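Remember, predicted model here, so these are calculated numbers, not experimental data. Atoms considered below: every heavy atom in the structure, side chains included; atoms not considered: hydrogens, waters and symmetry mates.
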There are 2 protein chains.
Amino acid sequence: MQMNPSRPQSPVQAAACCGPIDRLLNPDLFKALCDPTRAGLLACIAKCGRPCSVSEVAACCSVDTSVVSRHLATLEKASVLSSERDGRVVRYAVRYQELSKTLRALADAIDQCCPEGFVPGERGCCEEKGALGCGQASPVASPEHTQP
Amino acid sequence: MQMNPSRPQSPVQAAACCGPIDRLLNPDLFKALCDPTRAGLLACIAKCGRPCSVSEVAACCSVDTSVVSRHLATLEKASVLSSERDGRVVRYAVRYQELSKTLRALADAIDQCCPEGFVPGERGCCEEKGALGCGQASPVASPEHTQP
DNA sequence: GATTCATTTGCATCATAATGCAATGGTTGC
DNA sequence: GCAACCATTGCATTATGATGCAAATGAATC
């Protein structure tokens with residue numbers, strides 16, 4: 001049914017192979033973006049278009065400054081923001097290009113998995129290297145599960 | 001410094017205006033993707049490239065079937081998966097195109113906010129309609145903050 | 001050196017969510 | 001109808017994370 005030889009025939013086989021999507025579907029990034037307050041702060045700094053200090057950002061939302069500080073640190077840890085200290089002020093800026101690039105790469109990886117893939121692309125969804133799972137995500141086919 | 005007239009000068013002003021990024025930086029989507037187990041299940045179904053039943057998916061991860069069922073329902077609620085019942089079997093499939101499209105739209109919105117925007121694009125990062133916040137995200141500028 | 005300001009950290013509290021087990025609801029096949 | 005099967009839901013437990021307040025850290029100014 002599927003001409004691509006690197007396409008797994010079952011979820012168990014799919015879990016056992018590792019493709020671009022496994023790396024790009026990174027829970028840590030999404031964990032940073034999944035909180036409404038944090039998403040709002042990010043949108044705020046993004047729209048502002050310049051590095052913003054913690055207190056500046058705190059001025060436009062209802063939560064405590066300490067909470068804002070923690071949120072921005074979380075976003076920085078996820079490589080969504082970068083920070084720069086200027087005296088006693090710390091300014092956070094959006095890593096526009098890195099972020100949009102990551103999102104597009106994920107979109108590409110998803111399309112590559114799609115059976116009616118738009119992308120006639122070079123790489124398939126699975127890089128069948130030895131049929132070993134990439135070990136990144138939780139679902140790991142147990143070695144014994146190589147079914148009939 | 002910035003030629004774009006629709007660019008806010010401060011985070012408070014930025015929070016008060018509403019752009020594409022506010023809608024696209026949707027915490028609900030990221031909430032669905034932020035759990036490692038769930039991300040793994042999604043990657044698994046995506047790589048498989050065909051609709052998968054709950055028990056099929058459960059066979060390739062270490063958590064209980066009921067947990068998998070709940071995770072898949074969560075992903076469906078976030079429009080990441082679609083489901084189809086076939087007798088007593090429910091098969092979940094990845095909404096490849098919708099998902100990648102959403103991610104690309106977000107990437108575009110982020111780029112539009114970038115001062116050195118690649119996209120010479122039509123829309124700016126803020127659609128300065130009456131300088132009212134879009135009310136979607138938490139940070140909401142107080143109504144008195146309608147700047148000069 | 002002391003004070004002030006911006007940010008961060010410690011700590012306690014509260015809310016949300018992940019998980020497993022058991023039970024239930026439907027559907028198929030005998 | 002009854003048994004087997006698949007999926008979902010209820011419930012309890014546990015873990016994680018968001019939040020606010022207070023205290024601490026670090027930097028600039030007097």
Taking all atoms of both residues into account, what is the closest heavy-atom pair of A/P27 and B/C34, and its distance? CB-O, 3.5 Å

Residue pairs fulfilling salt bridge (Lys or Arg N to Asp or Glu O under 4.0 Å) with at least one residue in residues 25-44 of chain B, sequence neighbours excluded: none

Protein-nucleotide distance ([X], atom [atom1]; [N], atom [atom2]), rounded to Å:
| X | N | atom1 | atom2 | value |
| --- | --- | --- | --- | --- |
| A/D64 | C/dC14 | CG | P | 17 Å |
| A/L75 | D/dG17 | CG | C1' | 14 Å |
| B/L72 | C/dA18 | CG | P | 13 Å |
| A/H71 | C/dT8 | NE2 | C1' | 14 Å |
| B/D28 | C/dT16 | CG | C1' | 14 Å |

Do B/I45 and B/L72 have side chains that get closer than 4.5 Å, going by heavy atoms? yes

Between A/S69 (side chain) and A/T65 (backbone), is there a donor-acceptor pair under 3.5 Å? no

Under 3.5 Å: donor-acceptor pair, side chain of A/N26, backbone of A/R23: no

Which residues, if any, of residues 78-92 of chain A bring a heavy atom under 4.0 Å of DNA chain C? A/R88, A/V89, A/V90, A/Y92

For B/A107, enumerate each residue passing the side chain to side chain contact (heavy atoms under 4.5 Å, CB included) test, keeping only those at least two apart in sequence or located in another chain. A/S100, A/L103, A/R104

Could you list the donor-acceptor pairs under 3.5 angstrom formed between side-chain atoms of residues 48-58 of chain A and any protein atom two or more places apart in sequence or on another chain?
| from | atom 1 | to | atom 2 | distance (Å) |
| --- | --- | --- | --- | --- |
| A/R50 | NE | B/Q9 | O | 3.2 |
| A/R50 | NH1 | A/E56 | OE1 | 3.3 |
| A/R50 | NH1 | A/E56 | OE2 | 3.4 |
| A/R50 | NH2 | A/E56 | OE2 | 2.9 |
| A/R50 | NH2 | B/Q9 | O | 3.0 |
| A/S53 | OG | A/S55 | OG | 3.4 |
| A/S53 | OG | A/E56 | N | 3.2 |
| A/E56 | OE1 | A/S53 | N | 2.9 |

Check the phosphate of [N] against [X], side-chain N and O only, distance under 4.0 Å to OP1 or OP2. Yes or no?
| X | N | result |
| --- | --- | --- |
| B/S69 | D/dT9 | no |
| A/R38 | D/dA18 | yes |
| B/T37 | C/dT19 | yes |
| A/T65 | C/dT8 | no |

Protein and nucleotides 10-16 of chain D: nitrogen or oxygen contacts under 3.5 angstrom:
| from | atom 1 | to | atom 2 | distance (Å) |
| --- | --- | --- | --- | --- |
| D/dG10 | O6 | B/R70 | NH2 | 2.7 |

Between A/V67 and B/V54, name the one whose nearest nucleotide on DNA chain D is closer to the 5' end. B/V54

Just jot down the side-chain hydrogen bond (donor to acceptor under 3.5 Å, both in side chains) partners of A/D64, sequence neighbours excluded, or say none. A/S66

Residues 77-90 of chain B, side-chain donor-acceptor partners within the protein, below 3.5 Å, at least two apart:
| from | atom 1 | to | atom 2 | distance (Å) |
| --- | --- | --- | --- | --- |
| B/S83 | OG | B/E76 | OE2 | 2.7 |
| B/R85 | NE | B/G87 | O | 3.1 |
| B/D86 | OD2 | B/R91 | NH1 | 3.1 |

